[in-house]
**Student:** 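Would you mind keeping the following structure in view while I ask a few things?
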Amino acid sequence: MMAFFDPDFYASAPGHEHVPNWVWIVAGLLNFTAYTLDGVDGKQARRTNSSTPLGELFDHGLDSWACIYFVVTVYSIFGRGEAGVSVLVLYLLLWVVLFSFILSHWEKYNTGILFLPWGYDLSQVTISCVYLVTAVVGVEAWYKPAVFNLLYRDLFTSMIVGCAVTVTLPMSLYNVFKAYRNNTLKHKSFYESMLPLISPVLLFILCTVWVLLSPSDILEAHPRLFYFMMGTTFANITCQLIVCQMSNTRCQPLSWLLLPLALVVAVVLSGFAQETETLLLALLTGLVTVAHIHYGVRVVNQLSKHFNILPFSLKKPNMD
């Protein structure tokens, strides 16, 4: 809906046609519904005695893809206007969110325990309420200073960065240190313990180099497409890490999806694709999306056969 009504993030800027109020109502209700279902799926699985690693992959694997949608949809409230933030600032904020997400799974890869802070629950309830409030008061209400002449965009930015720096990162490092102190770490060497972070860091470097050195300023021209490409590649890397956690196997240091990205970045920066940079981004986004969906379908089918279950039913498969 936001991609339709606010394709370039200017809809909330003064003087532009705003997103209809009913869209914010639907967004608030859908966000709250998604958050609620995300919170009760594990309880439902345990209640029906149907907990499996497939459920864990579905839960956290889809969460990794949803990260991009949560942040980008909230961005439509502020947009790129005078009272908003630039697409480059949002790009950096997105990476703060993505690294915060993968830190929890890096922690589990090393400790065997997944610790999820309550900050996520609070943020989802807040986001749902903000959507509904926006439908009532309009986006103009967010133009005004909140407290001490701080704009709401500044509070939004400060909350994301502050939560990552003061809660997520220290807690993950503490839990890993505690496992090291108790001699319960699953991976003893520094290199082995850091393997899950190599691909995300390379993804960040490649995307940032492209953004900063793009001949056609690709992020300004097509922010939604670039965010989606980046978020989908990140989700695929995260899903592979989750599978490694579940199977107690070694995480591969490099994702193959980084290869076409590196190739596109090299072609763009070489100056041979100044006129076709947008086309290359679109093709890369399509490739990454198809590859991620293909990976998900194959893994779900393999796990379903291994555990003799149906992915969307509590009934057992017919063995005849």
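Atom set for the values below is all heavy atoms of this structure, side chains included, hydrogens, waters and symmetry mates excluded.
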**Student:** Using only atom types and a distance under 3.5 Å, with no angle test, would you say the side chain of Thr111 pairs donor to acceptor with the backbone of Ala179?
**Tutor:** no
**Student:** Are the aromatic rings of His105 and Phe101 close, with centres under 6.0 Å apart?
**Tutor:** yes
**Student:** Between Tyr75 and Phe70, is the gap from one ring center to the other below 6.0 Å?
**Tutor:** no
**Student:** Can you get from Leu219 to Leu203 by hopping between Ile, Leu, Val, Met, Phe, Trp and Tyr side chains that sit under 4.5 Å apart?
**Tutor:** yes
**Student:** Measure across Cys251 and Tyr109 and return the closest heavy-atom pair with its distance rounded to 0.1 Å.
**Tutor:** N-OH, 3.0 Å
**Student:** Does atom OH of Tyr69 have more than 12 heavy-atom neighbours from other groups under 6.0 Å away?
**Tutor:** yes
**Student:** With a cut-off of 6.0 Å (strictly less than), are more than 12 heavy atoms of other residues, nucleotides or ligands near OH of Tyr174?
**Tutor:** no
**Student:** So Leu269 and Val209, side chain to side chain contact (heavy atoms under 4.5 Å, CB included) or not? Walk me through it.
**Tutor:** CA-CA 9 Å; Leu269 299 187; Val209 168; 3.5 Å; yes
**Student:** Is the number of heavy atoms from other residues, nucleotides or ligands within 6.0 Å of CZ (Arg298) greater than 12?
**Tutor:** no
**Student:** So among Ile102, Leu197, Asn236, which one has a side chain to side chain contact (heavy atoms under 4.5 Å, CB included) with Leu241?
**Tutor:** Ile102
**Student:** Donor-acceptor pair, Asp154 side chain versus Leu151 backbone, under 3.5 Å?
**Tutor:** yes
**Student:** Do any N or O atoms from the side chain of Ser193 and from the backbone of Phe190 form a donor-acceptor pair under 3.5 angstrom?
**Tutor:** yes
**Student:** Counting neighbours of CG on Asn182 that are heavy atoms of other residues, nucleotides or ligands and sit closer than 6.0 Å, is the number greater than 12?
**Tutor:** yes
**Student:** Counting distance only, does the side-chain N/O of Arg80 pair as donor-acceptor with the main-chain N or O of Tyr10 below 3.5 Å?
**Tutor:** no
**Student:** List the atom of Asp6, the atom of Ser76, and the distance in Å for their closest heavy-atom pair.
**Tutor:** OD2-OG, 2.9 Å
**Student:** More than 12 foreign heavy atoms under 6.0 Å from NZ of Lys186: is that the case here?
**Tutor:** yes
**Student:** Counting distance only, does the side-chain N/O of Arg250 pair as donor-acceptor with the main-chain N or O of Glu192 below 3.5 Å?
**Tutor:** no
**Student:** Do the ring planes of Phe99 and Trp95 sit parallel (below 30°), tilted (30 to 60°) or perpendicular (above 60°)?
**Tutor:** tilted
**Student:** For His18 and Ser12, test the side chains for any donor-to-acceptor distance below 3.5 angstrom and give the result as yes or no.
**Tutor:** no
**Student:** Kindly indicate whether the side chain of Tyr180, heavy atoms from C-beta on, has any atom under 4.5 Å from the side chain of Asn175.
**Tutor:** no
**Student:** Quick check: closest heavy atoms across Thr232 and Thr289, and the distance to 0.1 Å?
**Tutor:** CG2-CA, 4.0 Å
**Student:** With a 6.0 Å cut-off (strictly less than), is the heavy-atom count around NZ of Lys188, excluding the residue itself, greater than 12?
**Tutor:** yes
**Student:** Looking at every heavy atom in both Ala13 and Tyr143, which two are closest together, and how far apart are they?
**Tutor:** C-OH, 3.6 Å
**Student:** Tell me whether Ser199 contacts the main-chain N or O of Pro253 through its side chain, where contact means a donor paired with an acceptor under 3.5 Å.
**Tutor:** yes
**Student:** If we ignore angles and hydrogens, is there a donor and acceptor under 3.5 Å between the side chains of Tyr91 and Thr208?
**Tutor:** yes
**Student:** Taking all atoms of both residues into account, what is the closest heavy-atom pair of Val96 and Val161, and its distance?
**Tutor:** CG1-CA, 4.3 Å
**Student:** Would you tell me whether Trp210 and Glu277 have side-chain atoms, one donor and one acceptor, within less than 3.5 Å of each other?
**Tutor:** yes
**Student:** Given the side-chain rings of Phe156 and Trp142, with only the six-membered ring counted for Trp, is the space between their centroids under 6.0 Å?
**Tutor:** no
